[in-house]
Peer 1: 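One structure, pasted below without further comment.
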Amino acid sequence: MLKGKNIVLGVTGGIACYKACELASLLVKQHADVQVIMTENAAKFVTPITFEQLTGNKALTDTFDRNFVHSVEHISVADKADMVIIAPATANIIAKLAHGIADDMLTTTVLACRCPKAIAPSMNTAMLENLVTRDNIETLRHYGWEIIEPDSGRLACGAVGKGKLPAPERLLECVLHTAAHEKDMTGMKVLVTAGPTREALDPVRYLTNHSTGKMGYAIAKAASRRGADVTLVSGKTDLAKPAYVNVVDITSAQDMYDAVMAEAGNSDVIIKAAAVADYRPATVSDNKIKKTDGDMSIPLERTTDILKTLGENKKEGQFLCGFSMETENMIENSKAKLSKKNLDMIAANNVKVEGAGFGVDTNILTLITADDQKELPMMSKDEAADALLDEIMHKR
Ligand SMILES: Cc1cc2nc3c(=O)[nH]c(=O)nc-3n(C[C@H](O)[C@H](O)[C@H](O)COP(=O)(O)O)c2cc1C
């Protein structure tokens, strides 16, 4: 996702330096060209060799080092940077950057960078809560820096509180959000549903399905990377909440219906990737656990068809996309759904085909509109999400 992008990773002298190694590796896996610039103190925690092996580039520390090829001089690094991320960021670097101090390779380069910049403060809670640090962070925010909020938990100094550097995956998400895609969906409101719904049988048991939410989460993240304002209505999943998305957690089909209807009127694009249970128990014994000995037959009733209701109430210019999970006659069944539910597009996938459907990290989609049918090859769910959004942007 970062092919052709030049990312400057600034590393400063905090105990969380080791997580910057993992971030460098994740960025390289996304095909970024990663230029690490370390402070001299950072090099006491992790050696430059580690970053050099991970990135294939010399890790820079010294502005006056003459032992380099011309293209790593601080102005050329700044000129070609698509984004700067400083992680971990010490109280010291935050203070220096907030006041325009340029006394080493990192601060000098960053001062010359016109690209988007993000910083991940990481320090002892008392240092973080000190008014001077808080003011410095606000100053950086004022100058347009994205501040990646520190996590709370047990810190290296033994104290418990706020100040932990977030996981490398969260830091990567920041870079992807800024640099991975052109912002062709800026100004659009996108509503995505994901995951399974659960229908209670009694206080202990429920009906559900195998959806893990991976496809819907990938779509929500991709739309947000493209600049859209995204709301994700999500059933229970094991996935981490996407950082730049407004997540509405729900449990049952009725919860999902209510949450979707509350947002639908404001949405330019609605993508229903959730696997909503079609049926729920007609009666739920709230206080008693159903007896399982003997007859287990349960009277069922249909849940409200969210997609059909959206199709019936589609507003002018709104684009409505559904998913269809099929085990046979995939194309015919999906085309029938497209017209019956008044959809603009349906993404069909066959759950019986290896590499498609629930749980796996890949999908094989066929994107069907009233006048077109596009078969996509097997791709990662992240790639499939972008291909689906490309098609929506092309068709609407
Ligand atoms: C073991 C150890 C751990 C440290 N961890 C942090 C930290 O997590 N955050 C921080 O702001 N400073 C931390 N410091 C203090 C910084 O290293 C110190 O302020 C230094 O001047 C920062 O230099 P730099 O910003 O140029 O890298 C730590 C110091 C030591 C000795």
Side-chain angles (χ1 to χ4, degrees), residues 7-24 27 34-52 54-55 57-65 72 74 77-78 81 83-113 117-141 143 145-172 174:
I7 307 299
V8 170
L9 169 57
V11 183
T12 66
I15 195 70
C17 269
Y18 69 96
K19 289 189 192 170
C21 304
E22 181 66 21
L23 174 60
L27 290 167
V34 183
Q35 178 61 69
V36 172
I37 308 181
M38 309 176 76
T39 60
E40 281 186 12
N41 287 322
K44 292 175 188 149
F45 289 83
V46 177
T47 88
I49 298 169
T50 306
F51 288 110
E52 286 166 359
L54 289 168
T55 66
N57 288 324
K58 181 175 165 72
L60 308 174
T61 46
D62 179 1
T63 327
F64 298 98
D65 179 5
V72 297
H74 71 277
V77 172
M83 183 179 177
V84 171
I85 179 166
I86 302 186
T90 55
N92 180 53
I93 193 84
I94 292 166
K96 284 176 24 174
L97 293 172
H99 294 89
I101 293 169
D103 66 350
D104 63 7
M105 183 67 182
L106 180 58
T107 48
T108 309
T109 306
V110 167
L111 202 60
C113 282
K117 302 180 200 76
I119 192 156
S122 162
M123 65 200 71
N124 159 276
T125 311
M127 289 169 85
L128 182 70
E129 288 179 350
N130 192 307
L131 285 181
V132 72
T133 307
R134 281 163 54 175
D135 281 352
N136 288 334
I137 290 175
E138 284 317 306
T139 303
L140 288 182
R141 206 191 301 278
Y143 288 134
W145 284 75
E146 177 180 345
I147 311 298
I148 303 170
E149 282 298 314
D151 283 347
S152 295
R154 191 186 174 281
L155 305 176
C157 57
V160 176
K162 195 168 174 181
K164 264 168 82 91
L165 185 68
E169 290 73 16
R170 164 69 185 94
L171 304 172
L172 173 69
C174 167

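Please read these numbers as outputs of a predicted model, since none were measured by experiment. All residue numbers refer to positions in the sequence shown, counting from 1. Counting starts at 1 for both ligands and their atoms, in listed order.
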Peer 1: Among all protein heavy atoms, pick the one closest to atom 16 (C) of ligand 1 and tell me residue, atom and distance.
Peer 2: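 In this structure, atom 16 (C) of ligand 1 has G13 O, 3.3 Å as its nearest protein heavy atom.
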
Peer 1: Under a 4.0 angstrom heavy-atom cut-off, which atoms of ligand 1 come close to N41?
Peer 2: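 Within the 4.0 Å cut-off of N41, ligand 1 contributes 20 (C), 21 (O), 22 (C), 23 (O), 24 (P), 26 (O), 27 (O).
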
Peer 1: Give a yes or no on whether a salt bridge exists between K162 and D151, defined as a side-chain N under 4.0 angstrom from a carboxylate O.
Peer 2: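 Answer for the salt bridge query: no.
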
Peer 1: Please walk me through it: do L140 and L97 pass side chain to side chain contact (heavy atoms under 4.5 Å, CB included)?
Peer 2: CA-CA 7 Å; L140 288 182; L97 293 172; 3.9 Å; yes

Peer 1: I want to check something: taking the side chain as every heavy atom from C-beta on, are L111 and I101 in contact at a cut-off of under 4.5 Å?
Peer 2: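 When only atoms from C-beta onward are counted, I101 and L111 do not touch, as no gap falls below 4.5 Å.
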
Peer 1: I'd like to check which ligand 1 atoms, numbered from 1 as shown, lie under 4.0 Å from a non-hydrogen atom of F45.
Peer 2: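 Contacts of ligand 1 toward F45, numbered from 1: 1 (C), 2 (C), 3 (C), 4 (C), 30 (C).
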
Peer 1: Under 3.5 Å, N or O to N or O, is A91 touching ligand 1 that way?
Peer 2: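 Between A91 and ligand 1, an N or O pair is found under 3.5 Å apart.
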
Peer 1: Measure the distance from atom 19 (O) of ligand 1 to every protein heavy atom, then report the residue, atom name and distance (to 0.1 Å) of the closest one.
Peer 2: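 The closest one turns out to be N92 CB, 4.1 Å.
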
Peer 1: Test W145 against every option in T139, I94, V110 by the side chain to side chain contact (heavy atoms under 4.5 Å, CB included) rule and name the one that passes.
Peer 2: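 So, applying the side chain to side chain contact (heavy atoms under 4.5 Å, CB included) to W145 and each of T139, I94, V110, only V110 qualifies.
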
Peer 1: One thing to verify: whether E146 and R141 come together as a salt bridge, which I'm taking to mean a side-chain N less than 4.0 angstrom from a carboxylate O.
Peer 2: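 A salt bridge is absent here (no side-chain N lies under 4.0 Å from a carboxylate O).
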
Peer 1: For ligand 1, which atoms sit closer than 4.0 Å to a heavy atom of M123?
Peer 2: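 Answer for ligand 1: 8 (O), 9 (N), 10 (C), 11 (O).
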
Peer 1: Which residue owns the protein heavy atom closest to atom 5 (N) of ligand 1, what's the atom, and how far is it?
Peer 2: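 I find the closest protein heavy atom is I15 N, 3.4 Å.
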
Peer 1: At under 4.0 Å between heavy atoms, which part of T90 makes contact with ligand 1: side chain, backbone, both or neither?
Peer 2: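 T90 to ligand 1: contacts from backbone and side chain alike.
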
Peer 1: Given the protein's heavy atoms, is any one of them under 4.0 Å from atom 31 (C) of ligand 1?
Peer 2: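 Within 4.0 Å: no protein heavy atom nearby.
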
Peer 1: Is the CD atom of E52 crowded by more than 12 outside heavy atoms at less than 6.0 Å?
Peer 2: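 Check passes, neighbour count above 12.
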
Peer 1: Taking only heavy atoms of T12, which atoms of ligand 1 are found under 4.0 Å from at least one of them?
Peer 2: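 Those qualifying, in numeric order: 27 (O).
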
Peer 1: Okay, side chain of T133, backbone of M127: is any donor-acceptor separation there less than 3.5 Å?
Peer 2: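 Flag set: sc T133 to bb M127 pair under 3.5 Å.
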
Peer 1: Strictly under 4.0 Å, does any heavy atom of A16 approach an atom of ligand 1?
Peer 2: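 For ligand 1, residue contact (heavy atoms, under 4.0 Å) with A16 is absent.
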
Peer 1: If the cut-off is 4.0 Å to any non-hydrogen atom of T39, which atoms of ligand 1 fall inside it?
Peer 2: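 That gives atoms 24 (P), 26 (O), 27 (O) of ligand 1.
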
Peer 1: Please write down residue, atom name and distance for the protein heavy atom closest to atom 6 (C) of ligand 1.
Peer 2: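 In this structure, atom 6 (C) of ligand 1 has G14 CA, 3.6 Å as its nearest protein heavy atom.
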
Peer 1: If you count the atoms of ligand 1 from 1 in the order shown, which ones are under 4.0 Å from a heavy atom of I93?
Peer 2: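 Those of ligand 1 that fall under 4.0 Å from I93 are 25 (O).
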
Peer 1: Looking at V46, is its backbone amide N or carbonyl O close enough to the side chain of T50 to form a donor-acceptor pair, meaning the two atoms are under 3.5 Å apart?
Peer 2: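 No, T50 side chain to V46 backbone: no donor-acceptor pair under 3.5 Å.
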
Peer 1: Looking at T12 and P88, would you say the former's side chain and the latter's main chain have a donor-acceptor pair under 3.5 Å?
Peer 2: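 Flag set: sc T12 to bb P88 pair under 3.5 Å.
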
Peer 1: Pairs of nitrogen or oxygen atoms closer than 3.5 Å, one from S122 and one from ligand 1: do any exist?
Peer 2: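 N/O-N/O distance below 3.5 Å exists for this pair.
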
Peer 1: Under 4.0 Å from atom 2 (C) of ligand 1, do we find at least one protein heavy atom?
Peer 2: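 Yes.
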
Peer 1: Between M127 and ligand 1, find which residue part has any heavy-atom pair under 4.0 Å and reply side chain, backbone, both or neither.
Peer 2: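 Side chain only.
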
Peer 1: Any side-chain donor paired with an acceptor under 3.5 Å for T107 and D104?
Peer 2: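 Yes, because at least one side-chain N or O of T107 sits under 3.5 Å from a partner of the opposite role on D104.
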
Peer 1: So, the side chain of N130 versus the backbone of A126: is there a donor-acceptor pair under 3.5 Å, distance only?
Peer 2: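 No; zero donor-acceptor contacts below 3.5 Å.
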
